[in-house]
Amino acid sequence: MAMVENLRNVSRRKALKAIGGSAAVGMSGLAGCSGNGDSDSNGGGDGDSSDGGGGGQTTSNTENGLPDLSGEDIHFITVAQVDNIQDLWRGIASDFEDATGANMEVEFVTTGVSSLDRIVQLIQAGDPPEVSIQSFGEAMILRNRGVLTPLDETYERVTESLGDATDVVQNIIEVEGNQWMLPFFHNISTFTYRSDLSDVVPDTWEKANEYAREVEALDNDVRGTYVPIMTGSPSTVRFLSWLWTNDGSVTEWQDDRVQINFHEEPYRERTIELLNHLAERQQWSPAGEDSGWATTQNIIQSGQVASTWYAGIRTKNAAIRNGRDFAQDIEIVPGMPAGRGNDAAEGSAEGFVAYQGGNTEAAKAFIQYATNQEFLTDLLLELSPVQNIPSWPTIKQSDRYLEGIRSTDIYQSGWTDEQFSDYQDEAFSKLTHKTMEGGTTEPPNPYTSAYYSEPIWNLQNDVLLSGEDPADVIDQRAEELQQVVDDAQA
């Protein structure tokens, strides 16, 4: 079994040429996050047939019922920066080699390059991998460029042992009639706060402000909340996390085209309400310039603020790992405080994808083999436990998973069963990916990589950094975002 640890960078310019304009805005990625949309060619509409591209098609089976892949190569790419995660992937790859005779090349993307960058590099070279691990947002970028193969039949085979994935994950992995990912976990944005500083539960916008005011009035140096000023993926995710709670929308379908709608009623008023809400909250926040994922993740544990948004629950885990005496008092509002509504939560899923142009039969065999309860449980107990939630109810409800989570140091040092259950249950019921537009976009929008672009970042910074009136800037930013979406659809 070959092992590769990739440290190389690929330029954004080259990436843009390789997989199209929408990729450039999506590559700055997702926290951790394919037939063309207008055609059934290049992987769309054909389900999970064995002739979906690539060579090495094998029909004979080994004694254990798995396909005989003797001498066939499978290039598998995943992000793995720590030894224990790498060991898990090495183990499942080695087991698959023993069971099928395949030759597994496992490539760990580590320093200085994202997995999506590396995929682009290989596509440029005409040598796509067979399998990789991607966030769903990244999977949609690749699908839209025609480089993924559907996994419908693979999913069906996996359900024979695992049952179906949770409904909210099923809803996002199926786009235009095909399933493009075999998921293993998902998570949602949350609002975390210190319950030792106020009795207010900030589960609505109004109460979140009340909570911040109360903390500000205390005789200490802790600020009420944090309003980061950002660009890149954290800016997009923060915006959507609050917007979905106000029954907002960014796009809709018009005549088979995706159109920006956040500047049009009824969504204009809701978007302006959100921007004004964030601006109002700045009075209880330290300066938020030049923030990002790491700053926001650590802002509570550092003792600077009492509450913040984040994509998942790493804010609480950071306090536990740093031995803060208030760690267990950090409570969670899963899915964010409610504005006009509270039935949608921004989030994402992650899992296996397979590529056109590679050995697709071998790729699907490996994905099916690895998507088993024992291995996924092992992975979830090591890969940011508690933060990442099993996408399969069979795993989520299993004694081995629950007992394993409760035995981890992070859980025993700061989590209660009630906190854990609340987060997991909310994520199971409220996950809303950008493709679903808070439930308003039907069919799902496959061009949401466009949201990871300057118009959405600048819209927030116009208000939070420059002090502009949202009503004065919303139309310009909507026009700019429409151009990004049009480029993606082209």
Side-chain angles (χ1 to χ4, degrees), residues 16 19-30 33-45 116 135-148 150 171-181 233 235-237 239-241 243-244 246-268 270-271 274 344 346-349 431-460 474-490:
L16 181 63
I19 61 174
S22 67
V25 296
M27 274 192 214
S28 56
L30 301 153
C33 91
S34 269
N36 277 325
D38 57 356
S39 173
D40 281 343
S41 64
N42 296 323
L116 189 58
S135 71
F136 184 73
E138 293 167 337
M140 284 298 94
I141 294 172
L142 295 165
R143 172 209 174 269
N144 293 342
R145 304 328 315 162
V147 300
L148 292 188
N171 288 341
I172 68 171
I173 65 173
E174 182 174 332
V175 175
E176 294 187 346
N178 292 125
Q179 287 158 318
W180 299 95
M181 171 186 285
S233 62
S235 178
T236 296
V237 175
F239 178 74
L240 298 177
S241 298
L243 186 65
W244 294 165
N246 207 38
D247 290 341
S249 181
V250 179
T251 57
E252 64 186 12
W253 288 100
Q254 293 180 9
D255 299 324
D256 297 325
R257 301 282 291 178
V258 173
Q259 298 293 321
I260 299 301
N261 68 351
F262 69 75
H263 61 307
E264 298 174 345
E265 295 298 354
Y267 303 114
R268 181 187 185 89
R270 299 172 191 181
T271 305
L274 161 59
E346 169 61 17
S348 189
L431 171 65
T432 300
H433 192 265
K434 291 160 281 294
T435 54
M436 299 298 290
E437 281 290 304
T440 64
T441 305
E442 182 60 42
N445 170 13
Y447 301 105
T448 55
S449 59
Y451 296 176
Y452 292 87
S453 60
E454 290 184 354
I456 281 185
W457 312 337
N458 290 341
L459 175 63
Q460 297 169 82
I474 191 172
D475 293 302
Q476 176 188 345
R477 298 309 183 193
E479 182 179 348
E480 292 168 354
L481 188 60
Q482 185 64 63
Q483 185 60 58
V484 176
V485 173
D486 287 346
D487 291 345
Q489 291 179 101

* To do: Check whether any side-chain N or O of E252 sits under 3.5 Å from a backbone N or O of N261 as a donor-acceptor pair, and report yes or no.
  => no
* Side-chain donor/acceptor of Q483 to backbone N/O of E479, under 3.5 Å -> no
* Minimum heavy-atom separation for R270 to D247, with atom names? -> NH1-O, 2.7 Å
* **Residue from T251, V237, V484 passing side chain to side chain contact (heavy atoms under 4.5 Å, CB included) with Y451** => T251
* Asked: What pair of heavy atoms forms the shortest contact from R145 to A488, and how long is it?
  -> NH1-O, 3.7 Å
* E480 versus Q476, side-chain donor and acceptor atoms under 3.5 Å -> yes
* Between the side chain of E138 and the main-chain N/O of S135, is any donor-acceptor distance below 3.5 Å? -> yes
* Asked: Has Q259 got more than 12 heavy atoms of other residues, nucleotides or ligands less than 6.0 Å from its CD?
  -> yes
* **Close side-chain approach of D486 and R257, heavy atoms under 4.5 Å** => yes
* Asked: Which atom names give the shortest non-hydrogen contact between S249 and F262, and what distance separates them?
  -> O-CB, 3.2 Å
* State, with a plain yes or no, whether a side-chain heavy atom of V250 is found less than 4.5 Å away from one of L481. => yes
* Atom pair CD1/CD1 of I456 and I260 - distance to nearest 0.5 Å -> 7.0 Å
* **Nearest atoms (heavy-atom pairs only) where T236 meets Y452** => OG1-CA, 3.7 Å
* Could you give the distance from CD1 (I474) to OG1 (T271), rounded to the nearest 0.5 Å? -> 5.0 Å
* To do: Measure across R268 and H263 and return the closest heavy-atom pair with its distance rounded to 0.1 Å.
  => NH1-O, 3.0 Å
* To do: Locate the shortest heavy-atom distance separating I173 from M181; write the atom from each residue and the value.
  => CD1-O, 3.5 Å
* Between atom CZ of F239 and atom CH2 of W457, what is the distance when rounded to the nearest 0.5 Å? -> 13.5 Å
